[in-house]
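In listed order, ligands and their atoms are each counted from 1.
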Amino acid sequence: MPDSPRIILDLDLPVSYESDDALKRIVANRLGMGADELRSVQLLRRSLDARRRRFRYRARVEVELADAACRERALQRPGAGPLPGAPQVPDQRIVEGLQRGNRSLGAPPLIVGSGPAGLFAAWLLSEYGFQPIVLERGNRVEQRVRDVRRFEQSGEFDPESNILFGEGGAGTFSDGKLTCRTKSPVKRALFQLMVDCKAPEDILYQAKAHIGTDRLRAVLVHLRRLLEARGVQFRFATRMDDLILDEAGAIRGLRLQDGEELLSEVVLLGIGHSARDSYAMLQDRGVEMAFKPFQLGLRIEHPQPFVDGFRYGAEALGLQLPTAEYSVKAKALGTELFSFCMCPGGTIVPSVSQPGFLSTNGMSRRNRDSGWANSGLVYTVDLKETDGIDALAGVRLQERLEARAFEMGVGYQVPTQRASDFLAQRLSKGLVETTYPLGHVMADLREFLPGIGASLMGEALKTFQRRFPGFAGNDAVLVGPETRGSAPLRMPRELDSRESVSTPGLYPIGEGAGFAGGIVSAALDGVRSARVIVEAFAPAGSNPGK
Ligand SMILES: Cc1cc2nc3c(=O)[nH]c(=O)nc-3n(C[C@H](O)[C@H](O)[C@H](O)COP(=O)(O)OP(=O)(O)OC[C@H]3O[C@@H](n4cnc5c(N)ncnc54)[C@H](O)[C@@H]3O)c2cc1C
């Protein structure tokens with residue numbers, strides 16, 4: 001709107017500013033205006049700038065001014081500019097103004113998996129009057145939290161309800177980092193939906209948005225209630241065990257673990273990257289799948305003050321800064337090793353979905369206050385490290401490493417080694433501290449790194465140690481293996497219809513399909529497939545003409 005008395009302003013903010021009122025005062029000052037000439041100030045983006053240890057936030061705000069004359073004056077100030085028009089990107093249509101299709105569905109769409117891909121697909125479908133049934137092998141989040149706590153306290157493991165399986169999928173027990181490079185306007189819509197479901201509002205403007213596992217759980221409950229109110233049905237503790245196909249190989253429905261059959265010609269498959277039994281069944285059923293290079297490695301943990309020290313330095317003393325995070329990478333032997341899923345103020349968790357296997361990952365609470373920092377140090381493995389060329393070759397490699405890790409300890413103790421001992425090629429002795437909840441056993445972690453992995457890890461640790469003295473020192477503890485950084489296979493899809501190339505009616509979505517990695521990208525992938533379904537079909541029982 002050309003006459004709207006609004007502008008965009010880019011400015012630096014002191015890290016000490018505390019409230020919306022303080023923000024308004026700073027903006028008024030910057031624009032040379034009185035507080036009464038500003039109607040409102042809204043943060044659109046904020047990121048910490050710690051370069052040269054001069055700490056400040058770089059921010060972008062939208063300012064609503066009292067009248068058009070104020071706007072003209074404000075536009076003369078440095079950093080001020082007109083409101084950009086609505087972004088012209090195809091994704092805009094994903095949320096608004098879709099033309100519903102006219103092929104009436106005989107039954108509601110089925111969604112397998114209540115991870116980000118499945119949940120946000122259900123949300124978009126429900127926006128257009130569809131009432132999908134969401135099947136989730138794990139428990140609803142309230143019960144799942146108890147299942148995971150029991151596991152972490154006693155080692156009693158539930159293969160259906162754990163850190164990887166259950167309401168919210170793998171993202172529930174996570175750091176809740178909402179990083180994703182896309183600028184899609186749908187991302188904004190998803191974040192707003194999460195805020196409506198009680199996620200912290202700062203995810204709307206923080207450059208590195210983070211919810212935290214504790215707040216995520218509450219968001220999931222609100223999202224479930226919102227979807228149920230629109231007629232979405234959730235069936236927890238309900239595992240899909242088989243596909244029902246017609247003679248032409250097209251999907252006709254699903255068979256559940258108790259033999260019940262649910263019929264539908266539309267099935268969204270958002271099973272994540274750890275449902276190995278489901279992967280095997282899909283292969284038996286002839287669903288096209290192919291090996292995909294994936295990441296594995298180890299996880300490293302430091303005392304958080306060490307990370308704060310190398311990121312912020314002594315200059316940060318007394319300042320209220322976010323718990324420091326880092327991102328490191330090093331090239332050696334023609335390959336890159338990089339930090340992955342860094343959890344400031346977090347804990348290391350057993351990322352396990354089958355008994356007898358062990359892999360690690362990290363999570364954190366909203367306050368990031370554990371006093372420890374961990375991150376995966378991973379590299380990409382390709383087919384030559386595996387024992388075959390079939391779609392499940394990567395799964396077998398993961399399983400081999402995870403089974404070896406499980407055998408080393410008692411229960412789910414994690415193989416552990418100080419980074420300095422890894423470099424010196426000796427077992428660690430004495431007291432080693434880690435946040436991993438189920439105890440640890442000293443091990444030589446080189447054996448979990450196939451191919452050039454052990455040499456690469458050694459070279460990379462030396463590089464990080466040179467850049468940040470202490471990074472691979474005595475207080476740095478390695479655990480592992482970290483095998484599930486990404487999906488080890490892909491389910492090829494038709495470009496336009498996004499159906500499986502082998503199985504019409506089957507829509508592989510999210511990380512398990514090999515098309516996403518992370519909460520936001522999995523959610524967006526689910527939403528994009530839901531869009532195609534909205535545009536092709538009309539909800540069961542509706543009048544497609546309307
Ligand atoms: C500990 C941990 C921390 C993480 N931290 C972050 C982070 O901070 N930020 C980030 O962006 N990403 C993070 N990730 C990755 C992120 O969680 C995943 O990329 C994302 O959840 C993938 O979403 P999805 O919906 O594709 O699959 P998933 O979230 O894996 O969901 C799949 C769901 O399908 C269900 N399912 C599987 N098979 C069946 C079946 N046969 N029948 C019925 N249901 C089935 C599973 O129980 C599961 O709930 C983390 C992952 C882990 C494990």
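In summary, the side chains of Arg230 and Ser126 do present a donor paired with an acceptor at a separation below 3.5 Å, with no hydrogens or angles considered. Inspection of the Gln304 and Thr323 side chains reveals no N or O donor paired with an N or O acceptor under 3.5 Å. Side-chain contact, Arg140 with Gln143: no donor N or O sits under 3.5 Å from an acceptor N or O.
Given atom 1 (C) of ligand 1, the protein heavy atom at minimum distance is Phe173 O, 3.1 Å. The closest protein non-hydrogen atom to atom 30 (O) of ligand 1 is Gly272 CA, 3.3 Å. The closest protein non-hydrogen atom to atom 13 (C) of ligand 1 is Ile519 CG1, 4.2 Å. In terms of protein heavy-atom proximity, atom 28 (P) of ligand 1 is closest to Ala170 N, 3.6 Å. The protein heavy atom nearest to atom 48 (C) of ligand 1 is Glu136 OE1, 3.6 Å. For atom 34 (O) of ligand 1, the closest non-hydrogen atom on the protein side is Gly113 CA, 3.2 Å. Protein heavy atom closest to atom 45 (C) of ligand 1, with residue, atom name and distance, is Arg137 CD, 3.5 Å. Of the protein's non-hydrogen atoms, the one nearest atom 7 (C) of ligand 1 is Lys177 N, 3.7 Å.
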For the pair Leu438 and Val414, evaluate side-chain contact (heavy atoms from CB on, under 4.5 Å) and give the outcome as yes or no after the intermediate values. CA-CA 7 Å; Leu438 285 155; Val414 73; over 6 Å; no

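Electrostatic pairing of Arg276 and Glu402 counts as a salt bridge here, judged by a charged N lying under 4.0 Å from a carboxylate O. Salt bridge status for Arg498 with Asp525: present, with a side-chain N to carboxylate O gap under 4.0 Å. In summary, Asp158 and Arg144 do not engage in a salt bridge, as defined by a charged side-chain N under 4.0 Å from a carboxylate O.
Summarising the geometry, atom CZ belonging to Arg311 is positioned 7.5 Å from atom CD belonging to Glu325; distances are rounded to the nearest 0.5 Å.
Of the options Cys341, Gly169, Gly270, the smallest heavy-atom separation from atom 32 (C) of ligand 1 is shown by Gly270. Ranked by closest heavy atom to atom 42 (N) of ligand 1, the top entry among His210, Met240, Glu160, Glu167 is Met240.
Annotation for ligand 1: atoms under 4.0 Å from non-hydrogen atoms of Val112 are 40 (C), 42 (N), 43 (C), 44 (N). Below 4.0 Å from some heavy atom of Ala275 lie the following atoms of ligand 1, by number and element: 37 (C), 38 (N). The Glu511 neighbourhood of ligand 1 comprises atoms 18 (C), 19 (O), 20 (C), 22 (C), 26 (O), with distances under 4.0 Å to a heavy atom of that residue. Per-residue contacts place Gly171 under 4.0 angstrom from the following atoms of ligand 1 (heavy atoms of the residue considered): 17 (O), 21 (O). Within ligand 1, the atoms closer than 4.0 Å to a non-hydrogen atom of Phe165 are 46 (C), 47 (O), numbered from 1 in the order shown. Atoms of ligand 1 lying under 4.0 Å from any heavy atom of Ser351, numbered from 1 in the order shown and given with element: 53 (C). Of all atoms in ligand 1, numbered sequentially from 1 with element shown, those under 4.0 Å from a heavy atom of Ala117 are 25 (O), 26 (O). The contact set between ligand 1 and Gly362, taken as ligand atoms under 4.0 Å from a residue heavy atom, comprises 1 (C), 2 (C), 3 (C).
More than 12 heavy atoms of other residues, nucleotides or ligands sit less than 6.0 Å from atom CZ of Arg490.
Residue contacts with ligand 1 for Ser278 involve side-chain atoms from C-beta outward but no N, CA, C or O (heavy atoms, distance under 4.0 Å). Of all the heavy atoms of Pro116, the ones lying under 4.0 Å from any atom of ligand 1 are found in both the backbone and the side chain. At a heavy-atom distance under 4.0 Å, only side-chain atoms of Asn361, from C-beta outward, approach ligand 1. Heavy atoms of Leu164 found under 4.0 angstrom from ligand 1 belong to the backbone as well as the side chain.
Not a single heavy atom of Ala516 lies less than 4.0 angstrom from ligand 1. Judged by the shortest distance from any of its heavy atoms, Asp525 lies outside the 4.0 Å radius around the atoms of ligand 1. Contact annotation: Gly526 has no heavy atom less than 4.0 Å from any atom of ligand 1.
By the side-chain hydrogen bond (donor to acceptor under 3.5 Å, both in side chains) test, Arg224 is found to be paired with Glu142, Glu167, residues two or more places apart in sequence or in another chain being considered.
Side-chain contact check for Tyr436 versus Pro350: some heavy-atom pair is nearer than 4.5 Å. Here the side chains of Leu445 and Pro415 are in contact, with some heavy-atom distance below 4.5 Å. Side-chain atoms of Ile509 and Phe515, non-hydrogen and from C-beta on, never get closer than 4.5 Å to each other. Considering only heavy atoms from C-beta on, Phe173 stays 4.5 Å or farther from Val349 through its side chain.
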Donor-acceptor contacts, no H, no angles, side chain residues 369-376, under 3.5 Å, sequence neighbours left out:
{"unit_1": "Ser370", "atom_1": "OG", "unit_2": "Gly345", "atom_2": "O", "d": "3.1"}
{"unit_1": "Ser370", "atom_1": "OG", "unit_2": "Gly346", "atom_2": "N", "d": "3.2"}
{"unit_1": "Ser370", "atom_1": "OG", "unit_2": "Gly346", "atom_2": "O", "d": "2.7"}
{"unit_1": "Ser370", "atom_1": "OG", "unit_2": "Trp372", "atom_2": "N", "d": "3.0"}
{"unit_1": "Ser370", "atom_1": "OG", "unit_2": "Trp372", "atom_2": "O", "d": "3.3"}
{"unit_1": "Asn374", "atom_1": "OD1", "unit_2": "Arg299", "atom_2": "NH1", "d": "2.5"}
{"unit_1": "Asn374", "atom_1": "ND2", "unit_2": "Thr347", "atom_2": "O", "d": "3.3"}
{"unit_1": "Ser375", "atom_1": "OG", "unit_2": "Tyr326", "atom_2": "OH", "d": "2.8"}

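Ligand 1 has no N or O atom lying under 3.5 Å from any N or O atom of Ile509, backbone or side chain.
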